[in-house]
Each structure stands twice: as C-alpha cells, then as structure tokens.
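The structure displayed is predicted, hence computed values, not measured ones. In this chain, numbering begins with 1 at the start of the sequence shown.
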Amino acid sequence: MTTAPQPIFSQGEDFKSGWHRAGAGYNEADTHLEIMGKPVMERWETPYMHSLSTVAASKGGRVLEIGFGMAIAATKLESFPIEEHWIIECNDGVFARLQEWAKAQPHKVVPLKGLWEDVVPTLPDNHFDGILYDTYPLSEDTWHTHQFNFIKSHAYRMLKPGGVLTYCNLTSWGELLKNKYDNIEKMFEETQMPHLLEAGFKKEKISTTTMDIVPPTECKYYSFHKMITPTIVKE
C-alpha cells in the first residue's frame, strides 16, 4: 500500500516573515531551487517559462516580472525586443543573483527588492506593456489565491491599454490537477476566469494555450501532463 504524497503546505503554514532572509538553495547543477524546504522552481519548467515570457514580451516596451527564481523566464524575456525589464524579488539570495545577472543583459533591467505586496503599490498606473507574475505562495492561506490579490488590486491598473498579463501558480494548479480536475482548460475556466473578470478584464480578451509536458516523477508540486499559458489583454 502506497501512502499519498504530502501536500506542499500543511495547515496554517506561513513563511512570509522569514522568506526574504532564508537561504536560496540552488543545487550544484542549477536545476533546482529550494527555499525553506519548499520546491520553488525546477529547470524542467523551461519550455513553459519560455511560453509565459513570449506572451509577456509580445507588446515590446516595458515589462514587469514578479519573481526571478532561476532566471529562466527572465533570460528568455531579454531575448525579445523589449525596452525595459523591471523585476521584483524578495529573497536576499535570489536578489543577489538577479543583480549579477542584470549586468550582462542587453536591455535595461530595473531590479526591485521586496515582497510584491510592498513594492507594487509604489508603481504607477498605465506603466507596463507586459506583466509576468510567477511568485511562490508564502502561506497555506494564500496557496491558491495569491495571484488574484495581485491581479485584482494591481495588474489591471499598471497595464497600459493594450498591454498584456500572463501568470501562473503551478504550486496551486498542480494540486488542483491532482485532486479536483483532469482537464486543464476546465480547471482554468472554473478557478481562474471568475477572478480575472472581477479584476476588470473582458472575457473576449482572455485566451489560453496549452502545451504537453512530462514533469519528472520526483517533482513534488506538478505531475500533470499539460501546462496552460494565459494571455490577458487590457482594453
């Protein structure tokens, strides 16, 4: 008899207060990032991260990325003809890597240190042509919902008219696709779409694409055979 895998978060877990100073555990091969024992990012995600970057850079101009991680999406973004690349990262070790990485990039990089909840309210309205939101949930309470707090309070106002938002919450979606859904489009339609509409985006301006992917069997947060990329345009 096999035991069911433990969920990523146990009841009441909250890392927000200590996350910024916790060690950034990049493994020697630079294929995994762990912080406070949580699997934050793994390099097998690369094709999917590139898909998100392609959407976020599709309007050119000034792009905001929330969450730097292993620089997979960020490096792809820099390959496109954008003008500025603003990146928010709260963890000290990850931010140090971001600062070093920024020196070698072809476009202007603006590193912003802190939790997005603290940094984003200081950023102006109608300022970005593209936004890519991919941060790690810092508590069990916000595991499935942290992206909506950002999207409803800030994403819409910060985008220029015609600007594009893309995002993911793989730690949440992986769990939903283990336990509640076997269809990724249905998962997105039922768990994400209502919040996007509530934020002010129009349904006809929201589209998704899916890709086939094979996560490693040892991956703790995602085992589904597809991933979904949203494209959300502000009118």
Side-chain angles (χ1 to χ4, degrees), residues 41-89 105-110 116 120 123 126-136 146-152 154-174 177 184-189 191-213 215 222 224 226-235:
M41 187 167 236
E42 298 177 3
R43 198 160 291 279
W44 65 265
E45 296 175 32
T46 294
Y48 179 63
M49 290 294 115
H50 286 183
S51 175
L52 294 175
S53 297
T54 302
V55 172
S58 61
K59 309 291 185 179
R62 184 184 295 119
V63 177
L64 173 66
E65 182 178 4
I66 300 99
F68 182 67
M70 298 173 68
I72 300 172
T75 301
K76 184 66 172 177
L77 271 166
E78 284 292 322
S79 74
F80 293 107
I82 61 173
E83 293 167 19
E84 295 181 11
H85 187 179
W86 296 37
I87 307 174
I88 300 172
E89 175 56 53
Q105 301 314 307
H107 305 296
K108 179 182 177 181
V109 177
V110 181
W116 72 257
V120 164
L123 302 181
N126 303 307
H127 198 60
F128 295 102
D129 299 279
I131 297 176
L132 194 170
Y133 178 94
D134 177 22
T135 71
Y136 197 77
H146 64 91
Q147 70 272 27
F148 304 136
N149 300 334
F150 170 77
I151 291 167
K152 291 176 187 177
H154 298 290
Y156 189 87
R157 73 163 183 86
M158 289 193 301
L159 280 174
K160 296 176 183 177
V164 63
L165 164 71
T166 192
Y167 75 96
C168 68
N169 183 352
L170 294 185
T171 315
S172 165
W173 299 352
L177 291 162
I184 197 166
E185 285 103 338
K186 186 179 181 190
M187 179 280 293
F188 192 90
E189 180 71 29
T191 68
Q192 309 297 299
M193 188 68 80
H195 298 278
L196 299 175
L197 299 177
E198 192 181 325
F201 295 102
K202 301 287 192 293
K203 188 157 190 178
E204 60 271 19
K205 295 288 187 177
I206 302 169
S207 60
T208 59
T209 58
T210 62
M211 66 166 59
D212 295 329
I213 201 145
Y222 205 91
F224 201 69
K226 287 183 182 292
M227 296 177 113
I228 192 163
T229 300
T231 300
I232 305 148
V233 177
K234 176 180 176 178
E235 279 196 318

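Taking the six-membered ring for Trp and thresholds of 30 and 60 degrees, Phe128 and Trp86 have ring planes more than 60 degrees apart, a perpendicular arrangement.
The side chain to side chain donor-acceptor pair (under 3.5 Å) test applied to Asn169 returns His146, Gln147, not counting sequence neighbours. Residues satisfying the salt bridge (charged side-chain N to carboxylate O under 4.0 Å, His left out) test with Lys205, not counting sequence neighbours, are none. Not counting sequence neighbours, the partners of Glu78 by the side chain to side chain donor-acceptor pair (under 3.5 Å) test are His85. With sequence neighbours excluded, no residue forms a side chain to side chain donor-acceptor pair (under 3.5 Å) with Lys202. When the side chain to side chain contact (heavy atoms under 4.5 Å, CB included) test is applied to Glu83, no partner is found at least two apart in sequence or on another chain. Taking Thr75 as the reference, Trp101 meet the side chain to side chain donor-acceptor pair (under 3.5 Å) condition, with sequence neighbours excluded. Residues satisfying the ring-ring contact (aromatic ring centres under 6.0 Å, His included) test with His154, not counting sequence neighbours, are none. Partners of Glu185 under the salt bridge (charged side-chain N to carboxylate O under 4.0 Å, His left out) rule, at least two apart in sequence or in another chain, do not exist in this structure. Residues meeting the ring-ring contact (aromatic ring centres under 6.0 Å, His included) test with His195, sequence neighbours left out: Phe148. With sequence neighbours excluded, the residues that form a ring-ring contact (aromatic ring centres under 6.0 Å, His included) with Phe201 are Tyr156.
Here the options are Thr231, Val233, Leu197, the test is side chain to side chain contact (heavy atoms under 4.5 Å, CB included), and the partner is Ile206; only Leu197 passes. Results of the side chain to side chain contact (heavy atoms under 4.5 Å, CB included) test with Trp116 over Leu123, Leu64, Ile88 single out Ile88 as the only residue that passes.
The stretch residues 50-59 participates, sequence neighbours left out, in these side-chain hydrogen bond (donor to acceptor under 3.5 Å, both in side chains) pairs: Ser51-Thr229. Sorted by first and then second residue, the salt bridge (charged side-chain N to carboxylate O under 4.0 Å, His left out) pairs involving residues 162-172 (not counting sequence neighbours) form an empty list.
Between the side chains of Tyr48 and Thr46, no donor-acceptor pair is found at a separation under 3.5 Å. Side chains of Glu42 and Tyr222: a donor-acceptor N/O pair is absent below 3.5 angstrom, by distance only.
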